[in-house]
Amino acid sequence: MSKLFHEAITLEVKEDIQHKPISFLYKSGKEGVEEICEQWRVSREWWKRATDREYFRVRTVRGIVCEMYRDLLTGAWYLQRIYD
Amino acid sequence: MNNYVELHCHSNFSILDGASHPEDLVARASEIGIPALALTDHDGLYGIIPFHKACLAAGLKPVIGAEMTLKNGSHLTLLAKNNRGYSNLCRLITRAQLEQRKGSPAIDKRDLAQYSGDLICLSGCRKGEITTLIASGRTEKAHEVARGYIDIFGQQDFYIELQNNLYPEDKRICHALVKIAKDLNLGSVAINNVHYATTEGYRLHDVLTCIRNRTTLDKCDTLRLNSEFHLKSSKEMTELFQECPEAISNTITIAEKCSANLDFSQYRFPDFPLPEGETAASYLAKLCRQKIHKRYANVNQEIEAKVNYELKLIEKLALSGYFLVVWDIMDYAERNGIPAQGRGSAANSTVAYILGITRVDPIKNKLFLGRFLNEEMSSVPDIDIDVSTAHREKLIQYVYQKYEREHVAMVCTYVTFQARNAIREVGKVLGMPPDLIDKMAKSVSVYDAKGIEQDLAGLKEFESYFSSAPWQQFTSLCREIADFPRHLSIHNGGMIISSRTLSEIVPLEKATMPGRIVCQWDKDDIADSGLIKVDLLGLRMLSLIHEACQLAEENHKTKLDLDRLPLDDREVYDMICGGDTIGVFQVESRAQLQTLPQTKPHSIEDLTIEVALVRPGPLQGNMVHPYIRRRNHLEKVTYLHPKLKPILEETLGIVLFQEQVIQVATAIADFTPGEADSLRRAMTRKKPKRAMDEMRQRFLEGATRNGIDNDKASRIFQALEGFAEYGFCKSHAAGFALLCYQSAWLKRYYPVEFYCALLNNQPMGFYSPEVIVRDAKRHGIEVLPADINKSSDRCTIEDNKTCPERSRRIRLGFRYIKEVGEKAMSQIMAERQSTPYVSFDDFYFRAGLARKPVENLILAGAFDSFGCQKRQLLWRLGPLEKKGPTELPLEFGDTKVSLPDFTELEEMKADYEVQGLSTKYHPMHALRRDISRDGLLKSSEVARLPSNARVRIAGYVITRQRPPTAKGFAFMTLEDEEGMLNVIIKPNVYHRYRQIFKLEPLILVQGTIQRQHDILNIIADTLIRPCDEWEKQTSSV
């Protein structure tokens, strides 16, 4: 099971030189990224409101698995989904 | 560090899937330092020739391949290791294309096993069989399938294809695929399944996907997830596949294994089957000896010497067999009554004339062989043949039969995206309103889709969109899609014939026409690859002449042989000089009608010049007016050097024919015929400046050796260069001039037969059938509407016993009526064979047609002879549809209704709707009443007015042109009830009234009369829509 945030939550993320997440702040706690399990990119609807995102499914040091994305147009990070 | 090669790459020849030209992919690959590139379009090698050429030019190694579709729907990538592998790839594609439904090519593993030699197989993209099985968790089955491919291609030449386009599942699938590769001891290879050169191409790819699926971007559910399907650098790919470095290095290994080079030197034109003891050369000479007396009553020494020289040259160039093959085709045409004649430079050859390939005597017409054949030529000269369109299929089938289907194919042509279809298709995909798309498509005046933005920017009605983002997107996408292939079609007449099985050289596929096979290359690709094609081009004028002669022979009980027609009939030339040439070959255009009264051609030689003169090139090169002035003795005929006089005398000192360039270069600078022909080619093909400079230098040096000073030689060279843009060879013009004369002769002496044949061979020429019908009427020929008991499928000639002055008239054929197809026509005609129809009801029950064709027959007046009103008949259809033919003829009160008949306007509208013309009314007839105030004149009234008189005229637009050569001027021909008028529109007036000029069928013009050399033009200052004028006049009443 997982919890999907229909309105993605803004995240503060520390990223490496390739813009991959190293750690992020969640519920006022710092979560270190242990493993990037999947990485994918979505670029759609360029003809109206363009979406250009890089998604990461990560496992944190504490064992939380979540989906987060970086908006490639603004550079902002969002939390999309948390797995139980 | 270039350790990566892209081995799975689609160009826009993966039609409506690839979003980059092959050349752009090569340029991008070169830019990012990829050392080699594969082209793997879907089930085809359509783009391989331009791709190969671009790779060699860019210093990249080309790898030739294709992505094949299997019968289970999965994909597989095949790459040719060498030329044998290339041939196998061609065979596989041909099998995929020919043995399945058109448009759904597929092969199975038996086909693969049969032709797997020297091919490398990659397991396929996301749609590959193994990848699909892995994605659905069927690992065992995936192993089994992989083992099957190893059996076909061997361990060394079968690779597992890994793809990471940053899709959610890619990493997991790649891991599983790598495991299979390890388990089975196979190599893995990284690919990016490229569909466009750079990231930005993904938008156009989405648009193409929508066009392919006939949907809009908003509704399309098959768009790709992201924009990662572009050419990536070694660095990018190495990062994506850092866990599997051998998949990267294997790309280089595979590219090194591939060395197919498109060398077709083993290709040969088929040998002509010769009688025993003959060589091709001896048999050709024998044929010439046999036939020479048919062409020349007195074979003098000059003729004999010419023929012998030519035969020796043909033998030396090893072209005897080629001549025999073409002769054989023409011989078949002659034996079977198929009108055909050689066109182009072949008419320079006396041998071709003697063999019956061409119809113009090169000796009598002083034609120049060097333009067609010379000792230095390195390629086979084209012999193109014009064939009556109505008979062309028969000739094509003969070639298929003679050389067997495996050795013959038609050349394809690509229908590409140009301005209008780009606007329509891109607009639809973006969800633009249909009426806006339609208006833009009709308004655009450029052909090239790259020019849409700039062209429409001049129009106020689209102004409000210009700054919007969707407009920018729209115009930018139209620009990008310019010249993309939209679909494959058959070239007008090109056929390749090969001694080798063609499917080893180029893939073949089905054309839309049943039983017709096309190759996957167009005429340029065929030329670039060194293959020879024979053009059998459909020419409707040949069909017209053939049909008109047949009709004349039937109606006048005479025998016509147009080949023996004296070519000096004064009345024919008078008709041409008077501009009465609608329907006459090559001299019916608006520009010709303006020129003929000035040049006044009075011989076949004059007509040859006329045909070559009034063309865009000479107009652009400012050659027309000097020629006309010299022809009318208003300017002295001069020559830059006395040596030019014999060469340019017939064209009054002006370079007009390609042959003259060759002759001038030979006479002035001692060029050999081969060198001179190279100069001509260089000039007409816009060679790079450096090459032209070298040619000029050689020309000047040669001229100096002949004692011609540098300044004069430069001016002569300049005159030749000026000609370069508009080359037309004299032999071709002479062939066309003959058809021009023959068609004019028929128009003059057998006008009823001429117009009937003209109507039966549409579309052809400049004018639509409605204009032809009215021109016939102006010549006193009655054209009657279709009649259910009298019409045939084609237009026919009827006797008119009631009027001896007009003893014959034309009856429109059923073909002109929309929705009345072949089946309906034959039903109508078969049923009336024994007993004519006696009433509408009788016809309805006996012919048994569907409602729509019957409705259209009513509207076209096919039942007028029964004395019934059209509206009444349309009403009658309703009750008849409910009634059976065997019911008692009882009529109930509600089936009899009194209805008013059509008004004239309604009748005319119906005529145009169902057959595109009216035999009864002119469009101006109905309109004139409504807009006739303020001195609206008829064409006959205008003809009596002097120069500079102000006039208001209105008419139906029969031609509208704005040729690029006319410096912004536009031209229209308006037709009213009494005749035609030419209107000239200056650039500033055009810009003000462009939309009226382009879109309105009827236009009211205010302007001034200009008279010059018996030609009357109206110089327009205002163009008005008749509806605006009507509103103005009614509101002011």
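So you know, we letter chains A, B, ... as the sequences are listed, proteins then strands, and number each from 1.
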Side chain / backbone / both / neither for P168(B) at chain A, heavy atoms under 4.5 Å: both

Region of D218(B) in contact with chain A, defined by heavy-atom distances below 4.5 Å: both

Max heavy-atom pair count under 4.5 Å with chain A, selected residue of E228(B), E239(B), R224(B), K171(B):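 Among the listed options, the one with the most contacts to chain A is E228(B).
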
Selection from L430(B), D170(B), D206(B), L477(B) maximising heavy-atom pairs under 4.5 Å formed with chain A: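 Greatest number of close heavy-atom pairs with chain A: D206(B).
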
side-chain hydrogen bond (donor to acceptor under 3.5 Å, both in side chains) evaluation trace for Q473(B) with S476(B): CA-CA 5 Å; Q473(B) 253 170 11; S476(B) 147; over 6 Å; no

Region of E45(A) that comes under 4.5 Å of a non-hydrogen atom in chain B: neither

Contact origin within I36(A) toward chain B - heavy atom pairs under 4.5 Å: backbone

Note, C210(B) side chain near T216(B) side chain (heavy atom, < 4.5 Å):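 In short, these two side chains do not touch, never coming nearer than 4.5 Å.
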
Which of R44(A), K48(A), Q39(A) touches chain B most, by non-hydrogen pairs under 4.5 Å: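 Sorted descending by pairs with chain B, the first entry is R44(A).
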
Plane angle bin for Y202(B) and W46(A) - parallel if under 30°, tilted between 30 and 60°, otherwise perpendicular: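 Geometry flag for Y202(B) against W46(A): perpendicular rings.
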
Crowding at CZ, F462(B) (>12 non-hydrogen neighbours, <6.0 Å): yes

Over 12 foreign heavy atoms within 6.0 Å of CD, E12(A): no

side-chain hydrogen bond (donor to acceptor under 3.5 Å, both in side chains) partner of T222(B), chosen from N213(B), T215(B), T209(B):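 In the set N213(B), T215(B), T209(B), the residue that makes a side-chain hydrogen bond (donor to acceptor under 3.5 Å, both in side chains) with T222(B) is N213(B).
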
